[in-house]
Amino acid sequence: GRWLRTRNTCIKINDFYFVHGGISPELLKNGITPLECNEIVRDIFDTSSFPKEYTEIQELILGSLGPFWYRGYFVDGQNYKQLHKDELLAVLKNIKAENIIVGHTTQDFINPFFGNKVIPIDSGIKYGDQGEGLLWKNGVFYRARRPVPHAARRDRRGGRVSHDPG
């Protein structure tokens with residue numbers, strides 16, 4: 001656990017913002033920056049000061065609107081409605097990023113949403129599926145996957161990431 005506590009919950013590399021679940025508008029409305037989010041998470045998981053009761057901000061970060069569990073890019077949740085594109089663009093502007101790359105919400109394959117602004121990379125490897133990886137090369141995203149025998153192939157071929165269902 002000690003090593004994990006040294007890692008960031010949210011990280012921005014160039015114009016790409018990486019987070020496990022997602023960044024909700026509610027998180028940003030509470031004035032929590034990515035840097036503050038990382039610090040708060042480290043404080044929460046620091047075993048020497050593990051709180052018995054969470055503050056309102058800690059509950060927000062650990063709950064369904066926080067970076068671990070938020071799925072509002074894809075579905076309605078108990079505490080939120082699925083984001084509209086204008087809301088997503090406001091989130092991106094706030095965090096000064098062009099794309100958000102997330103895990104947590106399993107998709108059949110790496111399939112971007114919102115005009116390639118949100119790229120979910122959880123493609124089912126946790127269920128024993130082949131899974132895929134996201135490769136960024138010379139400014140282009142690619143879906144990368146291990147070759148499988150022809151008989152085992154599904155309609156999920158690797159290639160340039162460009163399909164956008166919404």
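The figures that follow rest on heavy atoms only: side chains count, while hydrogens, waters and symmetry mates do not. The structure displayed is predicted, hence computed values, not measured ones.
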Review point. Looking at side-chain heavy atoms only, is the closest gap between Ile119 and Ile100 below 4.5 Å?
Key: no
Point to revise | Beyond-backbone contact of Val102 with Ile121, side-chain heavy atoms, under 4.5 angstrom | key: no
Check your understanding: Where is the tightest heavy-atom contact between Phe68 and Val41, given as atom of each residue plus distance?
Key -> CZ-CG1, 3.8 Å
Point to revise | Nearest-0.5 Å distance that lies between atom OG in Ser24 and atom CZ in Arg71 | key: 14.0 Å
Check your understanding: What's the shortest heavy-atom distance between Pro67 and Cys10, and which atoms?
Key -> CB-SG, 4.1 Å
Review point. Where is the tightest heavy-atom contact between Ile110 and Leu134, given as atom of each residue plus distance?
Key: CD1-N, 3.8 Å
Practice item. Please check if the side chain of Asn116 supplies one atom and the backbone of Pro112 the other of a donor-acceptor pair under 3.5 Å. Key: no
Check your understanding: Got a second to check how far Ile32's CD1 is from Glu39's CD, nearest 0.5 Å?
Key -> 12.0 Å
Exercise for review: Report the residues that fulfil ring-ring contact (aromatic ring centres under 6.0 Å, His included) with Phe74, sequence neighbours left out, ordered by chain and then residue number.
Suggested key: Phe113
Revision key, fill the gap. Scanning both residues in full, the closest heavy-atom pair of Leu83 with Phe114 reads O-CZ, 3.5 Å
Check your understanding: Do the side chain of Glu87 and the main chain of His84 share a donor and acceptor less than 3.5 angstrom apart?
Key -> yes
Point to revise | Nearest atoms (heavy-atom pairs only) where Gln58 meets Glu53 | key: OE1-O, 4.3 Å
Review point. Any chance the side chains of Asn8 and Arg42 put a donor and an acceptor closer than 3.5 Å?
Key: yes
Check your understanding: With sequence neighbours excluded, what pairs up with Glu98 under the salt bridge (charged side-chain N to carboxylate O under 4.0 Å, His left out) test?
Key -> Lys117
**Study point:** Lys12 side-chain N/O to Lys96 backbone N/O, donor-acceptor pair under 3.5 Å
**Key:** yes
Exercise for review: Compare all side-chain heavy atoms of Tyr54 with those of Leu60 and state whether any distance is below 4.5 angstrom.
Suggested key: no
**Study point:** Straight-line distance of Thr55 OG1 to Asp43 CG, nearest 0.5 Å
**Key:** 10.0 Å
Point to revise | pair Tyr70-Ile23: side-chain heavy atoms closer than 4.5 Å | key: no
Study note, to complete from the structure: Taken in chain and number order and not counting sequence neighbours, the residues that satisfy ring-ring contact (aromatic ring centres under 6.0 Å, His included) with Tyr17 are none
Check your understanding: How many angstroms lie between CD in Glu26 and CG in Asn79, if you round to the nearest 0.5 Å?
Key -> 9.0 Å
**Study point:** Atom pair NZ/CG of Lys93 and Leu88 - distance to nearest 0.5 Å
**Key:** 13.5 Å
Practice item. State, yes or no, whether a side-chain contact exists between Tyr80 and Ser64 at a heavy-atom distance under 4.5 Å. Key: yes
Study note, to complete from the structure: Sorted by chain and number, sequence neighbours left out, ring-ring contact (aromatic ring centres under 6.0 Å, His included) with Phe16 holds for Trp136, Phe141
Practice item. Give a yes or no on whether Leu89 and Val19 share a hydrophobic cluster (residues Ile, Leu, Val, Met, Phe, Trp, Tyr; joining criterion: side-chain heavy atoms under 4.5 Å apart). Key: yes
Exercise for review: Please name all residues satisfying side chain to side chain donor-acceptor pair (under 3.5 Å) with Asp122, sequence neighbours left out, ordered by chain then number.
Suggested key: Thr106, Lys126
Exercise for review: Nearest 0.5 Å please: distance from the CG atom of Leu27 over to the CG atom of Leu65.
Suggested key: 8.0 Å
Exercise for review: Tell me, please, which residues at least two apart from His20 pass ring-ring contact (aromatic ring centres under 6.0 Å, His included).
Suggested key: His104
Review point. Does the pair Val75 and Gln82 meet the rule for a side-chain contact (heavy atoms from CB on, under 4.5 Å), with working shown?
Key: CA-CA 5 Å; Val75 296; Gln82 184 177 5; 5.7 Å; no
Check your understanding: Considering only heavy atoms from C-beta outward, does the side chain of Leu28 approach that of Ile95 to under 4.5 Å?
Key -> yes
